[in-house]
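Letters A, B, ... are given to chains in the order of the sequence lines, protein chains preceding strands, and every chain is numbered from 1.
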Amino acid sequence: MTDVGLFIPCYVDQCYPEVGLAAVRLLERLNCPVDFPEAQTCCGQPMGNSGSAEAARPLAERYLSIFERYRYVVCPSGSCTAMVRHHYRDLLPSSPLLEAVTQKTYELCEFIVDVLGVARIPGAFPRTVALHQSCHALRELRLASSSERVVPHVDKVRGLLASLDGIRFAPLALKDECCGFGGIFSVEEEAVSCAMGKDRLSDFVHGAADVVTGVDMSCLMHLQGLAARAKTPVRFLHVAEILAGAAA
Amino acid sequence: MTPHAKRAAAYVANTARMHWHDKALWHVREKRDRAAATVPEWEALRTQAAALKAHTLSRLGEYLEAFEANARKLGAEVHWAVDAEEHNRVVLGILKERGLSRLVKSKSMLTEECHLNGFLEKHGVDVIDSDLGERIVQLARETPSHIVLPAIHKKKEEIGELFFQHLKTDKGASDPKYLTEAARGHLRERFLAADAGLTGVNFAIAETGGIVVCTNEGNADLGASLPRVHIASLGVEKLIPKAEDLPVFLRLLARSATGQPVTSYTSHFHGPRPGGELHLVIVDNGRSALLASATHRRALSCIRCGACMNTCPVFRRSGGHSYGATVPGPIGSVLSPSADAKRYAGLPFASSLCGSCTDVCPVKIDLHHQLLVWRQELGEAGLTPLSKRLAARLGSFVLQRPWLYRLVGWLGRAALRRLPRALLYLPLNAWGRQRELPPAPARSFRARFKKALR
Amino acid sequence: MSSREHILSAVRRAAAPDVPRPSAFSGWQRFEEPLAHFARMLGEVGGTLVRVISEDALRDSVASLEVVAKAKKVASLVPEAHPGTVRLAGVEDPHQLASVEVAVLRGAFGVAENGAVWVPGAALGARRALLFVCQHLVLVVDPADVVPTLHEAYARLRFEGPNFGCFVAGPSKTADIEQALVIGAHGARSATVFLVG
């Protein structure tokens with residue numbers, strides 16, 4: 001039993017297990033072993049976002065009871081973390097349990113920077129990387145300063161990546177435009193969703209990116225889907241994979 | 001498919017036009033960014049504006065009464081209209097009682113909402129929309145596609161063609177300066193011939209009884225100062241407490257809307273002009289219903305700058321008309337379901353919930369959060385498709401049972417690995433139209449993590 | 001129930017919880033050189049700034065403006081800047097001013113942050129249309145009356161009794177056709193601000 005519980009998004013568990021494993025490896029390297037409570041399944045965001053609060057509610061309740069016992073909960077996903085921290089209060093009445101569990105849930109990079117106090121990750125990654133700013137991580141968790149606001153520049157994720165030797169960041173025309181995934185939006189408004197994703201990819205390719213990364217595999221799943229269909233030669237890696245030394 | 005999804009898909013299909021529209025609006029967003037960056041206290045101004053509006057809305061009854069009393073003291077006539085129909089009847093009444101029939105109008109989203117023009121025309125009033133963008137859409141028999149830039153969806157060649165037909169400009173001419181000059185001449189005659197002018201109101205000051213109108217073209221002011229009768233229509237939410245509150249809003253408004261430091265004219269009307277009449281028409285039309293909603297009342301803070309539309313990646317790629325509402329874009333998708341939940345139930349879903357709108361809003365309306373809450377309210381009211389609600393319930397059923405979730409996951413991945421492409425990528429598969437499906441590994445994270453631990 | 005009562009009672013019933021008035025805004029930007037900033041911002045909004053040191057220089061400078069030199073009809077409420085060729089006194093119907101080419105008016109003060117000039121309507125009275133119907137605008141302002149921001153501006157303004165006033169920031173303009181900025185929409189085609197002193 002450790003202090004830190006690991007929360008793995010359902011689509012990472014099913015489709016991108018290597019991202020979860022990279023998160024575990026990364027945290028262990030930082031002397032932070034994690035526990036993975038097997039009762040977990042999903043934060044409930046797909047249900048909440050489709051307008052079914054009643055379907056999301058039991059999943060929120062499960063989350064609170066599963067993760068109550070940990071001092072911290074870490075999740076390699078900005079949108080799932082934002083769901084817990086910012087939107088569970090829309091689903092459930094206020095309670096000490098709700099407050100306690102939601103406020104101790106962190107996205108992976110913010111946990112490393114703000115709780116573990118780690119600013120540099122030793123290692124090398126001599127590639128040109130397009131850092132995609134996932135919207136929930138950016139505008140809800142405030143992992144970086146959004147381009148809309150007149151605030152001092154901050155970027156926790158970029159800070160960690162920048163500490164790797166040889167890494168170059170692809171210059172982007174649009175710093176933090178949405179990729180177009182948006183959950184059910186990706187299928188309900190498929191045309192606009194794909195138009196947004198293609199524009200994002202164009203920006204990355206124009207910046208000569210070898211690799212596209214971000215803190216949300218959901219964004220990357222959508223972008224990767226578009227890139228694969230169009231045979232765009234760019235690689236997709238979650239930030240955890242890059243930081244854990246998973247890439248060559 | 002929701003009406004927005006259908007129209008948006010059609011808009012996106014014309015890739016060149018879609019990219020053109022996207023770039024045009026992003027350009028306005030960039031101008032806004034540059035203007036905001038010149039004001040170090042920008043975020044503090046937003047916070048102050050939000051607080052002032054929240055305060056005003058919490059005492060709206062008081063402020064409305066004070067505004068009316070003070071406006072009357074200055075010699076203005078104050079009328080009240082419960083809904084759109086009453087607003088239109090009041091305006092018509094003012095005109096008919098005085099035998100007036102040539103009205104020149106400047107931009108007012110409220111009058112668009114009330115469908116005033118059509119009503120007046122049916123009753124024998126000649127109505128000219130004098131704002132250039134509004135005049136363009138009026139001639140084209142369209143509705144505005146943006147609350148600040150009504151004709152942003154039109155190319156200059158289209159406008160040139162329109163002016164050739166209606167204003168006798170040269171065939172094929174599309175230079176904006178040439179076309180604007182033609183409109184100047186054409187509209188000037190109307191300003192001079194009008195016997196009444198109607199404007200909107202940007203801010204109504206409770207403490208003084210005055211109204212403030214912010215414009216660039218000069219049309220609102222010509223309409224208000226040439227004819228003897230000036231009618232100003234305002235929604236109840238336009239109230240602010242004191243004149244000293246104006247700088248907070250004025251410093252945010254034009255910078256947010258177009259990236260200008262201020263509009264060319266910021267006119268302050270306190271009572272009618274000597275020898276003239278000023279009629280203030282205060283309109284509810286559903287605003288008090290919004291005020292009663294704890295989550296959505298914040299939407300009444302809106303100062304109609306349009307910044308949310310300029311930044312919205314969905315609006316930019318689908319165009320204002322795809323929303324099918326008087327006010328489109330993020331704020332429109334928050335306001336419209338309150339007016340007609342059934343008709344506009346699809347609008348809160350016309351969004352990826354990216355939150356850019358919330359971050360540009362000068363009065364800090366939590367737009368993307370309100371869209372999410374609307375989804376849940378509409379779901380609860382049974383106004384989302386049954387199939388969607390059933391799918392959510394089924395998903396929840398599975399996800400509440402880890403053993404079932406693991407089984408369904410394993411089966412799903414196995415199917416994805418085995419099924420032929422033709423079956424996987426049937427037209428039914430909306431994801432697969434332009435994207436490859438996500439990978440389907442043999443073992444899930446939890447299976448591999450468990451193995452690694454042993 | 002009257003519509004007024006209907007609306008007011010609906011608004012009261014909405015029972016929005018009381019939110020106190022925030023404390024006065026403070027800590028806004030300062031400019032090292034407000035006059036220079038005013039000049040720059042006036043340029044940004046499409047206006048022109050002319051600095052003159054005396055009334056004589058003002059008169060010569062105004063007269064030599066191209067739009068003034070070419071104008072047959074100049075309406076002036078600032079006799080020291082231009083005598084005017086149109087009699088304004090006794091004109092009650094603003095329509096009679098439709099053919100005025102240049103209007104010369106007094107600005108009470110300027111605002112550095114945005115190049116705006118406050119034009120009080122008292123002197124114009126029923127003829128406030130002159131401000132908008134003229135082809136070219138000339139505004140005369142004392143440089144000592146250029147304030148940094150709108151916060152200082154509103155600290156100077158009093159709204160008592162029926163009145164009209166307008167912040168004028170450069171000439172009229174539009175970008176309604178493909179976002180192309182066109183100076184001169186329905187109002188003045190040009191705005192020249194003279195700072196005297």
Side-chain angles (χ1 to χ4, degrees), chain A residues 8 10-17 20-21 24 36 38-39 41-42 44 46-56 58-59 62 87 90 135 139-140 146-151 177-178 180-196 199 221-222 224-226 228-229, chain B residues 2 4-5 8-9 12-13 18 33 36-37 39-40 42-43 311 313-314 317-318 349-356 358-360 372-373 375-376 378-380 384 388-389 391-393 395-396 399-400 402 405 409 412-413 430-431 433-441 443-446 448-449:
Chain A
I8 295 291
C10 51
Y11 55 91
V12 168
D13 180 38
Q14 293 297 318
C15 305
Y16 300 100
L21 292 168
V24 173
F36 176 79
E38 293 196 4
T41 56
C42 170
M47 287 79 209
N49 278 16
S50 73
S52 296
E54 65 164 37
L59 298 174
R62 285 194 84 243
H87 300 298
D90 291 334
C135 299
R139 296 191 186 86
E140 300 205 333
S146 61
S147 62
E148 295 87 355
R149 300 191 309 150
V150 182
V151 291
E177 171 100 319
C178 176
F181 174 65
I184 43 156
F185 178 81
S186 61
V187 291
E188 286 192 347
E189 293 252 4
E190 180 261 346
V192 179
S193 170
C194 291
M196 286 167 69
D199 286 345
M221 172 171 74
H222 159 73
Q224 183 178 52
L226 287 166
R229 180 66 61 87
Chain B
T2 65
H4 178 273
V12 166
M18 187 252 308
D33 288 355
V39 182
W42 183 259
E43 297 300 327
T311 198
V314 176
R317 292 174 178 82
S318 58
F349 293 90
S351 166
S352 62
L353 301 180
C354 77
S356 184
T358 300
D359 276 359
V360 293
L372 177 59
V373 175
R375 293 182 184 192
Q376 289 164 3
L378 291 165
E380 250 153 65
T384 52
K388 204 158 156 175
R389 280 175 278 141
R393 248 181 267 167
S396 181
L399 291 163
Q400 287 176 60
Y405 158 76
R413 280 178 282 117
W431 177 277
R433 244 171 252 151
Q434 304 184 69
R435 287 168 289 214
E436 289 297 295
L437 286 163
R443 283 151 73 223
S444 64
F445 163 81
R446 60 184 64 211
R448 289 177 63 177
F449 183 74

* With chain A, which of B:Gln434, B:Arg389, B:Met18, B:Glu380 has the greatest number of heavy-atom pairs at distances under 4.5 Å? -> B:Gln434

* Structure fact -> Of B:Leu437, B:Leu372, B:Thr311, B:Asp33, the largest count of non-hydrogen pairs under 4.5 angstrom with chain A goes to B:Leu372

* Structure fact -> Max heavy-atom pairs within cutoff under 4.5 Å with chain A, candidates B:Ser318, B:Gly409, B:Ala391, goes to B:Gly409

* Under 4.5 Å from a heavy atom of chain A, the part of B:Leu353 involved -> both

* Asked: Side-chain donor-acceptor pair under 3.5 Å between A:Ser193 and B:Arg435, yes or no?
  -> yes

* To do: Identify which of B:Gly379, B:Ala9, B:Gly412, B:Pro402 forms the greatest number of heavy-atom pairs closer than 4.5 Å to chain A.
  => B:Pro402

* Specify which of B:Ser356, B:Pro40, B:Ala430 makes the most heavy-atom pairs with chain A at under 4.5 Å. => B:Ser356

* Where on A:Ile8 is there a heavy atom nearer than 4.5 Å to chain B: the side chain, the backbone, both, or neither? -> side chain

* Test side-chain contact (heavy atoms from CB on, under 4.5 Å) on A:Cys10 and B:Tyr405 and set out the steps. => CA-CA 9 Å; A:Cys10 51; B:Tyr405 158 76; 3.9 Å; yes

* **Close side-chain approach of A:Cys194 and B:Arg433, heavy atoms under 4.5 Å** => no

* Asked: Strictly by modelled atom types, are A:Arg62 and B:Gln400 linked by a side-chain donor-acceptor pair under 3.5 Å?
  -> no

* Looking at A:Pro58, A:Gly44, A:Pro46, which one has more heavy-atom pairs under 4.5 Å with chain B than the rest? -> A:Pro58

* Asked: Is there a side-chain contact between B:Arg443 and A:Pro17 (heavy atoms, below 4.5 Å)?
  -> no

* Structure fact -> Bottom line for A:Gln14: the part with an atom under 4.5 Å from chain B's heavy atoms is both

* Asked: Where do B:Arg375 and A:Glu188 land on the salt bridge (charged side-chain N to carboxylate O under 4.0 Å, His left out) test, with the steps shown first?
  -> CA-CA 14 Å; B:Arg375 293 182 184 192; A:Glu188 286 192 347; over 6 Å; no

* **Flag side-chain contact, heavy atom, 4.5 Å: A:His222 against B:Trp431** => yes

* Structure fact -> If you tally heavy-atom pairs under 4.5 Å between each of B:Glu436, B:Arg448, B:His4 and chain A, the highest tally belongs to B:Glu436

* To do: Let me know if A:Arg149 has heavy atoms under 4.5 Å from chain B in its side chain, its backbone, both or neither.
  => both

* Beyond-backbone contact of A:Glu54 with B:Arg393, side-chain heavy atoms, under 4.5 angstrom -> yes

